[in-house]
Amino acid sequence: MIEYIQNNYSEILTDLGQHIWLALVPVVLGVIFALPVGYLAVRRGWLYQPIVNLGGVLYSIPSLALFLIMPAILGTGTLSPLNIVVSLAVYTFALLTRTVADALLSVQGQATQAAEAMGFRPFRQLLQVELPMALPVMLAGVRVATVANISLVSVGALIGVGGLGALFTRGLQLGFMEPIIVGIVLSVLLAAVCDIAIVLLQRRLTPWDRVATR
Amino acid sequence: MITPVPLFNYFGFLLDPANWGWSDGSIPQRLVEHLGYTVLAVLIAAAIALPIGLLIGHTNRGAFLAINIGNAGRALPTFGLLSLMVVLMGTGLVPALIALVVLAVPPILASTYAGIRAVDRSAVDAAVGMGMRPTEVLFRAEVPMALPLIMSGLRSSTLQVCATATVAAYVGLGGLGRFLIDGLARNQYDQVFAGAVLVAALAIALDLAGAGLERAVVSPGVRQRGSARRGRRRGARSTDTSTQEAPTASTAG
């Protein structure tokens, strides 16, 4: 095992690097799209159910299928990394629109009424009252999406772009366990590190809310 | 690399009547195969995870285990586990099925435990006060109230298995994933596209069937309580959101 890592560490590091950006760029994209749509679902109440349902349908599409439907939608080649990035962004978006909407709904109440009474306009109220208060719940959603993305990236190895997934295809071809175990361990570690990083970020951003951290 | 082709070419394989008859490797046969793997793996996983989840939830011993298996299952790369099983045991149905079951257990276990723990303690106390035995408390009070979460765990795990069974075509399993893998190998994007669309449709159909089943088995009283709780969330922040987050967690695969 140690010998395998010593002989191949530069490849392993390259795979790990690719894995990280393939998993995290979609998280950022998904958040950017989920925020306005989730907000819309709250402001226009009749949109809530259709948006939640759409998210549910998108989220249920198996990853390999979505990776390979993308070329038809985007006009990319089947081996383009863009297919993976956009697909994972779609999953993140599907998961987070509901979380954003539910988080914003959960903070409606005395604080928002107070802000309104103090003469906050809707946009300022959103930025300075609702979003900060909704942050713990939203970041819990981001944690789930990040961990899910990290475990899904390796499926991309089946179409040539899969970060640590390349270690799995290599292990399968050679009939070796070592690369597969290294890949699984690094993938799980990466998920744990990102999860903890988001928890720490949340502690910094919402020092008033230690209860919902868990 | 396959270059993009005009739109009408995408549907070639899907619309060819020759692929819709019943023969080895035809669309209906692969569909039934895929459904078979999925149902089999989920049933085995449920037989393992439901009793353990109920026990842990009811006694509240080993909660640590249930929560951590749930989290670890979410972080485990499905393709990695599949590859490991194949290298250890060779190709074939059994190694693939073991991988599917291992991936299907955590969502069921975690949400069954969470569902039982989320049951209103005063309702459980009332059941005990009425003179119910422990098993009666579990099956006549706790389980009916925990059913929405238990069902959502079963649905998550069904989707997880359906998705991973697709990937398992890479290591020789049948099912709809064959169209994706074989199509890629032969550079036939219309076959790949057909497989991808069929897998997506099957997953969506399975999830809708799960939602239907959930409506059928969950008592109307429990359903209403659920929606009332959602309404109340508008008013004050509650800790509910964190427990409700868990079941949606491991859906995609």
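Below, chains carry the letters A, B, ... as their sequence lines are ordered, and counting in each starts from 1. Model, not experiment: these values are computed from the prediction.
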### Message
Would A/Y4 and A/F176 count as a ring pair (Phe, Tyr, Trp, His ring centres under 6.0 Å) here? Give the steps.
### Response
CA-CA 10 Å; A/Y4 176 82; A/F176 281 165; 7.7 Å; no

Can you say whether [X] sits under 4.5 Å from chain B via the side chain, the backbone, both, or neither, judging by heavy atoms?
X      : answer
A/A191 : side chain
A/Q113 : neither
A/I150 : neither
A/F67  : neither

### Query
Going by heavy atoms in the side chains, are A/T206 and A/P132 under 4.5 Å from each other?
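A/T206 vs A/P132: side chains apart.
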
### Query
Quick one: does A/L95's side chain get under 4.5 Å of A/Y59's, heavy atoms only?
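Sidechains of A/Y59 and A/L95: in contact.
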
#### Entry: Approximate separation, where rounding is to 0.5 Å, of A/M1 CE and A/I181 CD1
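Those atoms lie 4.0 Å apart.
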
### Engaged part of B/L81 at the chain A interface, taking heavy atoms whose separation is under 4.5 Å
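Just its backbone gets close to chain A.
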
### Residue part contacting chain A, namely of B/L88, when any heavy atom lies under 4.5 Å
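Only the side chain of B/L88 comes within 4.5 Å of chain A.
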
### Message
With no hydrogens and no angle check, just 3.5 Å: does a side-chain donor-acceptor pair link A/Y39 and A/R43?
### Response
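There is such a pair (donor and acceptor under 3.5 Å, judged by atom type) between the side chains of A/Y39 and A/R43.
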
### Message
Using a 4.5 angstrom heavy-atom cutoff, name the option from B/T166, B/L84, B/V171 with the most pairs to chain A.
### Response
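Between B/T166, B/L84, B/V171, the count favours B/L84.
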
### Message
With a 4.0 Å cut-off on N to O distance, would you call A/R170 and A/D15 a salt bridge?
### Response
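Looking at A/D15 together with A/R170, the answer is yes, because their closest N to O distance falls below 4.0 Å.
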
